[in-house]
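Scroll down for the structure; my scribbles are underneath it.
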Amino acid sequence: MTELVLHNSLTRRREAFVPLDPAHVRLYVCGPTVYDLAHLGNARPVVVFDVLVRLLRRLYPRVTYVRNITDVDDKINARAAETGEPIAAITARTTADFHADMAALGALPPDEEPRATGHVAEMIALIERLIEGGHAYVAQGHVLFAVASFAEYGRLSGRSPAELIAGARVDVAPYKRDAGDFVLWKPSPPDLPGWDSPWGRGRPGWHIECSAMSWRYLGPDFDIHGGGQDLLFPHHENERAQSCCAFPGSGFARVWLHNGMLLIGGEKMSKSLGNFLTVRDLLARAPGEAVRLALLRSHYRATLDFSDALLAEARRDLDRWYRALAQAPAAPAPPPDAVTAALCDDLNTPLAIAELHRLADAALAGDAAAAASLRGAGALLGVLGADPAAWFHGGADAAAIEAAIAARLAARKARDFARADAIRAELAALGVVLEDGRGTTTWRRA
C-alpha cells in the first residue's frame with residue numbers, strides 16, 4: 001500500500017500517517033454554523049476533506065467521518081432577532097440549503113452529522129469533568145476554562161502566551177482569572193435558547209460543542225481533526241485544551257489538517273468589497289463539478305485565489321475529460337497508482353489533475369484502458385461521475401434545441417443566413433454552443 005503522508009499542523013511537519021487502529025480510521029471535521037447560505041470559503045474544506053475521505057476509504061477497510069452542524073450560536077440568535085424568523089426555522093432551512101449545495105459540489109455525506117443541540121448532555125458532562133480536574137471554574141453563572149491549567153496551551157497554533165492573549169479577541173470580564181480564559185457555559189435569558197445545568201439555565205460556548213461531539217462519536221482519542229486555517233486559533237486550540245484536560249493521558253486528535261485561506265480576485269472575500277460569493281451564486285453560473293475542480297486546482301494548504309478565469313479553466317478541463325470518455329467509452333477501472341500516489345503525498349491534487357490530463361490524452365487517441373482509468377481517477381477526486389452526453393447537454397431542453405438546429409439547417413439551405421445566424425445567437429443566449437461539422441451540427445452546454 002502506498003504510504004500516506006500528511007502535514008500535521010500540531011508538529012508543523014509532514015508525517016507518515018499511522019492510524020490508531022488500521023482497521024478503523026476516524027476523523028472529525030468542523031462543519032457549518034447554520035444561519036445563512038454557505039459561501040465559497042465554507043465549501044473549500046468540505047471539498048478538501050471529501051477527497052481525503054475518498055482516499056482513506058481506498059486505503060483502509062473502515063473509515064468513520066464525522067462533520068458537525070452548529071445550530072446554537074450567537075450568530076444564529078442575532079439573525080433571528082434581525083429577521084423575526086424563529087431560530088428553529090432558520091437552522092432547518094439553512095441546514096437543508098447547505099446539504100443541497102454540498103451535494104451539488106459532489107461531496108459525500110459524512111457517516112455522522114451530529115447537531116450541537118442534540119448533544120448538550122455530553123457538553124455538560126465534559127464541563128463537569130473539567131471542573132473536577134481543576135481545569136475550569138464557575139463565576140457569576142459562567143463556567144470558564146482556566147488556560148493556565150494546561151501547560152501545552154498554544155502548542156497547536158504555535159503562539160506565545162503574549163500572542164495568545166492579544167489574539168484571543170475575547171472580553172476581559174472582571175470574573176475571569178486570566179484574560180485568555182474562555183467560556184464553556186454561559187447564562188441564557190428567557191428569549192434565547194437555554195438548557196438546565198448545574199450552573200443554571202444557559203447554553204454552551206462554541207468550543208465545547210465540537211469537543212463533546214467528537215468524544216461522543218469517535219472517543220477521547222482519534223486519528224484526524226480537520227478544518228479551515230481560520231479555525232486554528234482560537235477554536236481548535238481551545239478544543240484540544242478542553243479535550244486533553246477532560247481525559248488526562250489522551251492525545252485527542254493525533255493529526256491536525258488545515259486548508260488554506262480563500263481569496264476572490266486577489267482580495268479577501270467581503271460583502272463590503274462586493275466580491276462575496278455564495279455556493280448558490282456559483283451554481284447559477286457553472287456546474288457544481290466545475291466549482292469543485294476549481295477548488296482542487298490548488299494544493300489544499302495553499303491560499304486559493306478564486307476567479308472567473310479559474311472557474312472557466314476548470315470547466316474546459318472537464319469538457320476535455322468528458323470528451324475523452326465519450327471518445328473511448330469503458331467501464332470504470334481502479335484509479336491508477338500515479339493518482340493514488342499523488343493524493344498520498346499530502347493530498348497533492350494539482351499533481352493528480354496533471355495525471356488525469358495524461359490519461360485524457362491517451363483516451364482521446366482511442367485508448368479504452370486509459371479512459372477506464374480516467375473514470376476511476378475522477379472518482380477519487382469526486383469528478384467525472386456523469387454520462388458525457390449528460391455533461392454536455394445537462395439541464396437543457398434537448399428536444400427544443402434539436403428543433404432549433406433543424407430550423408437553422410433549413411434556413412441555411414434556403415440561403416436565409418440572417419435567420420440561421422439569429423437562431424445560433426438565440427441558442428448562445430441560452431448557453432448552448434453549436435459546432436458545425438461535415439453536414440452535421442452538434443451542440444453542448446456552454
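Index from 1, following the sequence.
- For Arg292 (side chain) and Leu381 (main-chain N/O), a donor-acceptor pair under 3.5 Å exists by modelled atom type.
- Thr349 contributes a side-chain N or O that, together with a main-chain N or O of Leu296, makes up a donor-acceptor pair within less than 3.5 Å.
- The shortest side-chain heavy-atom distance between Val291 and Val279 does not fall under the 4.5 Å cut-off.
- Listed here is the closest heavy atom pair of His235 and His207: ND1-ND1, 3.0 Å.
- Using a 4.5 Å heavy-atom threshold, the side chains of Gln242 and Phe182 count as touching.
- A donor-acceptor pair under 3.5 Å is absent between the side-chain atoms of Arg93 and the main chain of Ile90, judged by distance alone.
- Side chain of Asn8 to backbone of Trp256: a donor-acceptor contact under 3.5 angstrom is found.
- Residues Pro204 and Trp185 have side chains in contact (heavy-atom distance under 4.5 Å, counting atoms from C-beta outward).
- Separation of atoms CD1 (Ile69) and OG1 (Thr91) is listed at 9.5 Å; rounding is to 0.5 Å.
- Note that Arg177 lies in the cation-pi zone of Tyr137, set by a 6.0 Å cut-off to the ring centre and a 45° limit from the axis.
- Between the side chain of Arg201 and the main chain of Pro189, a donor-acceptor pair closer than 3.5 Å is present.
- In this structure, Tyr60 and Pro22 approach most closely via the heavy-atom pair CD2-O, 3.5 Å.
- Minimum heavy-atom separation, Ser373 to Ala333: N-CB, 4.1 Å.
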Task: Ile127 vs Val143, side-chain contact (heavy atoms from CB on, under 4.5 Å): CA-CA, chis, key distance, verdict - done: CA-CA 8 Å; Ile127 295 170; Val143 184; 3.6 Å; yes
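- Between the side chains of Asp50 and Tyr65, no donor-acceptor pair of N or O atoms lies under 3.5 Å.
- Counting only distance, with no hydrogens or angles, the side chain of Glu209 and the backbone of Ala116 share no donor-acceptor pair below 3.5 Å.
- Side chain of Thr70 to main chain of Thr33: no donor-acceptor pair is present (N/O by atom type, distance under 3.5 Å, no hydrogens or angles).
- In this structure, Phe17 places its CZ atom where more than 12 heavy-atom neighbours from other residues, nucleotides or ligands lie under 6.0 Å away.
- Put simply, the side chain of Phe222 does not reach to within 4.5 Å of the side chain of Thr64, judged on heavy atoms.
- Within the structure, no pair that satisfies the ring-ring contact (aromatic ring centres under 6.0 Å, His included) test touches residues 326-347, not counting sequence neighbours.
- Using a 4.0 Å cut-off between charged side-chain N and carboxylate O, Arg26 and Asp221 make no salt bridge.
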Open item on the list: For Asp97 and Thr94: C-alpha separation, side-chain torsions, deciding distance, then whether side-chain hydrogen bond (donor to acceptor under 3.5 Å, both in side chains) applies.
Closed with: CA-CA 5 Å; Asp97 287 339; Thr94 52; over 6 Å; no
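- Among all heavy-atom pairs drawn from Phe49 and Gly226, the shortest one is CZ-CA, 3.5 Å.
- Ring geometry for Phe276 versus His39: interplanar angle over 60°, hence perpendicular rather than tilted (30 to 60°).
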- [ ] Go through the steps to decide whether Arg159 and Glu237 satisfy the test side-chain contact (heavy atoms from CB on, under 4.5 Å), and finish with yes or no.
- [x] CA-CA 10 Å; Arg159 300 187 180 203; Glu237 189 76 70; 5.9 Å; no
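- Using a 4.5 Å heavy-atom cutoff, the side chains of Cys30 and Cys210 are in contact.
- With respect to Arg129 and Glu132, no salt bridge is recorded, no charged nitrogen being found less than 4.0 Å from a carboxylate O.
- Side chain of Arg44 to main chain of Met261: a donor-acceptor pair is present (N/O by atom type, distance under 3.5 Å, no hydrogens or angles).
- A salt bridge links Arg285 with Asp308; the closest basic N to acidic carboxylate O contact falls under 4.0 Å.
- The distance from atom CZ of Arg54 to atom CZ of Arg57, rounded to the nearest 0.5 Å, is 9.0 Å.
- Atom CG of Asn275 and atom CG of Leu263 lie 9.0 Å apart (nearest 0.5 Å).
- Residues Leu52 and Tyr300 fail the side-chain proximity criterion, which asks for heavy atoms closer than 4.5 Å.
- In this structure, Asp346 contributes its side chain and His7 its backbone to a donor-acceptor pair below 3.5 Å.
- With sequence neighbours left out, the side chain to side chain donor-acceptor pair (under 3.5 Å) criterion links Asp223 to no other residue.
- With contacts defined as side-chain heavy-atom distances shorter than 4.5 Å, the pair Asp305/Leu310 does not qualify.
- Residue Arg280 qualifies as enclosed at atom CZ: its count of foreign heavy atoms under 6.0 Å is above 12.
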Task: Stepwise side-chain contact (heavy atoms from CB on, under 4.5 Å) test for Phe145 and Asn238 - done: CA-CA 9 Å; Phe145 182 85; Asn238 292 353; over 6 Å; no
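- With values rounded to the nearest 0.5 angstrom, Trp199 atom CH2 is found 5.0 Å from Glu128 atom CD.
- Separating the CD1 atom in Ile353 from the CH2 atom in Trp321 is a distance of 5.5 Å, to the nearest 0.5 Å.
- Salt-bridge formation is detected for the pair Arg79/Glu82: a Lys NZ or Arg NE/NH1/NH2 atom is positioned less than 4.0 Å from an Asp or Glu carboxylate oxygen.
- Contact record, Ala363 with Ala328: O-CB, 3.6 Å, taken as the closest heavy-atom pair.
- In this structure, Cys344 and Leu59 have side chains that are in contact, with non-hydrogen atoms separated by less than 4.5 Å.
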Open item on the list: Let's go through Leu126 and Ile208 carefully: what are the C-alpha distance in whole Å and the side-chain angles of both, what is the deciding distance for side-chain contact (heavy atoms from CB on, under 4.5 Å) to 0.1 Å, and is it a yes or a no?
Closed with: CA-CA 8 Å; Leu126 276 185; Ile208 197 68; 4.2 Å; yes
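- Under 3.5 Å, the side chains of Thr340 and Asp337 contain no donor-acceptor pair of N or O atoms.
- A distance of 10.5 Å separates CG of Leu156 from CZ of Phe233, quoted to the nearest 0.5 Å.
- Under a 3.5 Å cut-off, the side chain of Arg375 and the backbone N or O of Leu384 do form a donor-acceptor pair.
- Side-chain contact of Glu239 with Tyr28: a donor-acceptor pair under 3.5 Å is absent, judged by distance alone.
- Between Ala372 and Ala330, the shortest heavy-atom distance links the atoms CB-CB, 3.9 Å.
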